Amino acid sequence: MSDVPFPYHRISADLRSAIETGELAPGARLPSEWALARRYGASRPTVRRAVAALKAEGLVVTEQGRGTFVRPLPPVRLTFTGANFRRHRRERAPGFDAQVREQGRVPEQRLLDVRSLPADAMVADRLQIAEGEPVMVRRRLFLVDQQAIARCDSYYRASFVEGTALTRPARIPGGAMSVIEDPDGPVDRRAHRSVDELTGRMPSPAEAQQLGLSVGLPVVCILRTIYDDTGMPLELQETVAAADRHEFRYEVNLR
């Protein structure tokens, strides 16, 4: 068996090295197929195969009609601590928005849907209700610098949030917890602890399209259940996050 690599290996190796050393910076446009074909004395199908290998590694992205670019911008770091949660609550700022702004970037939350529906087995189990019992769901798309990075669906017992802003199709200043913890509101409960369940998997076609994911890039699925001090679930968040656009950090106070 020959040890000579396929022709596209040399092209992908050179481009990979240029990306890793910073010669091709984040957001930089790769040379065109024609330019690479001339540089390496290769055919355009060979160049396409080399670029496809880099896309599968998550190093480059292709934009229709514009070309191929080094994946832009580092991932956003999201740090989960009780101190962060309370500080953002005092500032009446949703935690996602606050942390993204602290990193000098621009957050956006697009409200996709608000509706009542029967709880499936997963939602019922975590909200400690019977399967089929009505829940309110608020579906949002999270963006950083105008790029979609995550989809988050938040679930609440319908009877728990009846008559609150959580049932209306509008953004909530300060986020959902400002409604739940409002001492003058109908809920008036305090978040005490949360349990996060993280799973990595490949996205569905719909998820890949919504998040603009290249072929081969995984997602991180996060189920976060927030409880009050009596153990009652206040909220369930089901998030599908682009794995290459996030860095998660958890700080747990064990005292």
Side-chain angles (χ1 to χ4, degrees), residues 1-79 96 99-110 141-152 198-222 239-249:
M1 182 180 296
S2 172
D3 292 331
V4 178
F6 291 107
Y8 81 90
H9 284 167
R10 180 189 169 200
I11 303 173
S12 61
D14 285 355
L15 292 173
R16 185 183 301 107
S17 176
I19 292 169
E20 292 174 347
T21 61
E23 180 183 343
L24 284 172
R29 187 178 185 274
L30 267 62
S32 68
E33 286 183 3
W34 280 113
L36 289 171
R38 288 195 299 270
R39 179 189 300 178
Y40 290 95
S43 67
R44 291 184 69 187
T46 296
V47 170
R48 289 193 195 106
R49 191 171 181 186
V51 172
L54 297 177
K55 286 179 63 177
E57 296 173 26
L59 294 176
V60 300
V61 293
T62 300
E63 298 183 16
Q64 187 67 34
R66 295 191 62 221
T68 302
F69 298 82
V70 179
R71 182 167 294 283
L73 300 176
V76 63
R77 169 181 281 197
L78 298 179
T79 300
F96 170 79
Q99 293 201 56
V100 171
R101 289 195 182 100
E102 288 164 3
Q103 295 168 57
R105 302 172 70 175
V106 180
E108 181 184 354
Q109 294 188 39
R110 293 180 186 169
L141 186 67
F142 287 6
L143 300 93
V144 174
D145 300 329
Q146 300 184 333
Q147 180 186 41
I149 68 166
R151 158 80 177 263
C152 180
L198 280 71
T199 306
R201 62 169 172 79
M202 299 307 295
S204 69
E207 291 166 344
Q209 181 178 26
Q210 188 171 50
L211 297 177
L213 298 176
S214 300
V215 174
L217 289 179
V219 293
V220 179
C221 301
I222 307 163
T239 300
V240 178
D244 65 319
R245 300 170 199 167
H246 287 82
E247 178 181 327
F248 299 105
R249 178 178 178 179

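Here the structure is a predicted model, which means the values were calculated and not measured. Residue numbers count from 1 along this sequence.
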Any chance you could measure [X], atom [atom1], to [Y], atom [atom2], to the nearest 0.5 Å?
| X | Y | atom1 | atom2 | answer |
| --- | --- | --- | --- | --- |
| Phe142 | Thr239 | CZ | OG1 | 6.5 Å |
| Phe96 | Leu78 | CZ | CG | 6.5 Å |
| Thr62 | Arg48 | OG1 | CZ | 11.5 Å |
| Leu15 | Leu59 | CG | CG | 10.0 Å |
| Glu207 | Met202 | CD | CE | 10.5 Å |
| Leu54 | Ile19 | CG | CD1 | 5.5 Å |

Any sub-3.5 Å donor-acceptor pair from [X]'s side-chain atoms to [Y]'s backbone N or O?
| X | Y | result |
| --- | --- | --- |
| Asp145 | Val106 | yes |
| Arg110 | Ala148 | no |
| Gln209 | Ala206 | no |
| Ser12 | Tyr8 | yes |
| Glu23 | Ser17 | no |

**Prompt:** Between Lys55 and Glu57, is there a salt bridge with N-O shorter than 4.0 Å?
**Reply:**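 Judged by the 4.0 Å cut-off on N to carboxylate O distance, Glu57 and Lys55 do not form a salt bridge.
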**Asked** Should the pair Glu33-Arg38 be classified as a salt bridge under the 4.0 Å nitrogen-to-oxygen rule?
**Response** no
Looking at [X] and [Y], what are the two nearest heavy atoms and their distance?
| X | Y | answer |
| --- | --- | --- |
| Leu213 | Leu217 | CD1-O, 4.3 Å |
| Ile11 | Ala42 | CD1-CB, 4.1 Å |
| Arg245 | Gly212 | NH2-O, 3.0 Å |
| Leu36 | Pro31 | CD1-O, 3.7 Å |
| Ala242 | Val219 | CA-CG1, 4.5 Å |
| Ala150 | Ala241 | CB-CA, 3.9 Å |

**Asked** Taking C-beta and beyond as the side chain, do Arg201 and Pro218 meet within less than 4.5 Å on heavy atoms?
**Response**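 Contact flag for Arg201/Pro218 side chains = no.
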**Asked** Any chance the side chains of Gln210 and Arg151 put a donor and an acceptor closer than 3.5 Å?
**Response**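 Side chains of Gln210 and Arg151: pair found under 3.5 Å.
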**Item:** Of Val76, Leu141, Leu143, Leu211, the residue whose pairing with Ile149 passes side chain to side chain contact (heavy atoms under 4.5 Å, CB included)
**Value:**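 Result: among Val76, Leu141, Leu143, Leu211, Val76 is the only option passing the side chain to side chain contact (heavy atoms under 4.5 Å, CB included) with Ile149.
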**Prompt:** Could you walk me through whether Phe248 and Ile222 pass the side chain to side chain contact (heavy atoms under 4.5 Å, CB included) check?
**Reply:** CA-CA 11 Å; Phe248 299 105; Ile222 307 163; 3.5 Å; yes
**Asked** Yes or no on side chain to side chain contact (heavy atoms under 4.5 Å, CB included) for Leu24 and Val60, after CA distance, side-chain angles and deciding distance?
**Response** CA-CA 11 Å; Leu24 284 172; Val60 300; over 6 Å; no
**Item:** Chi angles and distances behind the side chain to side chain contact (heavy atoms under 4.5 Å, CB included) call for Val220, Thr199
**Value:** CA-CA 6 Å; Val220 179; Thr199 306; over 6 Å; no
**Request:** Could you please spell out the steps behind the side chain to side chain contact (heavy atoms under 4.5 Å, CB included) verdict for Glu102 and Arg77?
**Result:** CA-CA 10 Å; Glu102 288 164 3; Arg77 169 181 281 197; over 6 Å; no
**Crowding at CD, Glu247 (>12 non-hydrogen neighbours, <6.0 Å)** =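 Counting neighbours around CD of Glu247, more than 12 heavy atoms of other residues, nucleotides or ligands fall under 6.0 Å, so yes.
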